[in-house]
Structure formats: C-alpha cells, structure tokens
Amino acid sequence: ANVKLVDHLPRLTKLHEKFTLEPNKIESNRLEWDFSAMAPGEQKIVSYIIYSSIMPVGTVTLPSAHVSYTDMKEKHHHVYSNRGLVVGEG
C-alpha cells in the first residue's frame, strides 16, 4: 500500500532534529512521511522530540496526525489519531 503520514507541530514549539524515521518533507510546522511500499499488516513507528522555550500554563492540545493510504483494491482511506494533551506546571 501507498501510505502518507502527516503530523503538525503545536504552535510555539520547535522540532528537535532527531527522528526514528526521517520525514520526507518538513515545512514550517508540518511533517510528512511517505511510505510507498508497505505490506498488509506492516507497522511503522514514528517518533520525534519537540520542545518549547516557554512553559505552558494549563493544557496544550497536540494536533491529530493524519494517515492516508490506498488499499490493494485502489480504495482511498483517511485515518486520524487521537489528540494528545500536555499539562503545564504552575
């Protein structure tokens, strides 16, 4: 299957240049990975580190990641991750 993963960084964060899998494209706060030859049932784990120069007060919501893929019957699918929450100190 042809799989594309898109993730967005929250505002006021910076990306640390260390990845489990290097993105194919980085534009502003958008990270994009293209996996052109994934077998049925195959899994990829993608992780990276972000940081902020300011300590959040309250909670920060991490945006959903988006995966789009075409199955073996040429049907297009779109899947979204859950949003994450980061609780700041204070």
Side-chain angles (χ1 to χ4, degrees):
N2 191 12
V3 178
K4 178 183 282 190
L5 167 63
V6 176
D7 205 359
H8 293 87
L9 303 177
R11 292 184 349 190
L12 303 175
T13 62
K14 302 274 187 208
L15 179 65
H16 187 278
E17 297 292 328
K18 185 176 182 180
F19 307 92
T20 54
L21 294 169
E22 186 80 25
N24 296 84
K25 188 189 292 187
I26 301 174
E27 290 181 352
S28 184
N29 70 334
R30 178 184 163 104
L31 307 173
E32 188 174 302
W33 291 263
D34 290 307
F35 305 109
S36 59
M38 287 186 68
E42 181 180 355
Q43 298 179 11
K44 300 276 186 183
I45 297 174
V46 175
S47 67
Y48 54 89
I49 297 170
I50 59 173
Y51 61 94
S52 175
S53 57
I54 61 169
M55 179 60 71
V57 175
T59 61
V60 175
T61 301
L62 302 177
S64 295
H66 172 239
V67 174
S68 59
Y69 66 96
T70 304
D71 66 19
M72 293 170 36
K73 295 180 181 178
E74 298 299 318
K75 185 175 179 185
H76 298 288
H77 300 271
H78 299 276
V79 181
Y80 295 87
S81 71
N82 293 329
R83 293 176 183 258
L85 288 178
V86 177
V87 179
E89 296 179 9

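If you read the sequence from its start, that first residue is 1, and numbering goes on from there. Given the structure is predicted, the values throughout are model-derived calculations rather than measurements.
- For residues 43-52, every residue pair satisfying the salt bridge (Lys or Arg N to Asp or Glu O under 4.0 Å) rule, not counting sequence neighbours, is listed here: Glu42-Lys44.
- Under a 3.5 Å cut-off, the side chain of Thr20 and the backbone N or O of Ile45 do form a donor-acceptor pair.
- Taking His16 as the reference, Lys18, Ile49, Tyr51 meet the side chain to side chain contact (heavy atoms under 4.5 Å, CB included) condition, with sequence neighbours excluded.
- Between Val3 and Met38, the closest heavy-atom pair is CG2-SD, 3.8 Å.
- Residues forming a side chain to side chain contact (heavy atoms under 4.5 Å, CB included) with Lys75 (at least two apart in sequence, or on another chain): Asp71, His77.
- Remark: side-chain polar atoms of Thr13 are not paired, donor with acceptor, to backbone N or O of Ser52 under 3.5 angstrom.
- Applying the salt bridge (Lys or Arg N to Asp or Glu O under 4.0 Å) test to pairs two or more places apart or on separate chains, those with a residue in residues 2-14 are Lys4-Glu32.
- Under the rule for a side chain to side chain contact (heavy atoms under 4.5 Å, CB included), Ser28 has no partner lying at least two apart in sequence or in another chain.
- Phe35 and Tyr69 fall within the same hydrophobic cluster, where Ile, Leu, Val, Met, Phe, Trp and Tyr residues are linked whenever their side-chain heavy atoms come under 4.5 Å apart, directly or through other members.
- With rounding to the nearest 0.5 angstrom, the NZ atom of Lys25 is 7.0 Å from the CZ atom of Arg30.
- Side-chain contact between His76 and Thr70 is present, with heavy atoms from C-beta onward closer than 4.5 Å.
- Under the side chain to side chain contact (heavy atoms under 4.5 Å, CB included) criterion, Leu15 pairs with Leu9, Glu17, Phe19, Ile26, Leu31, Tyr48, Ile50, not counting sequence neighbours.
- Looking at every heavy atom in both residues, Ser81 comes nearest to Ala65 through OG-N, 2.7 Å.
- For the atom pair CZ (Arg83) and OG (Ser64), the distance works out to 4.5 Å, reported to the nearest 0.5 Å.
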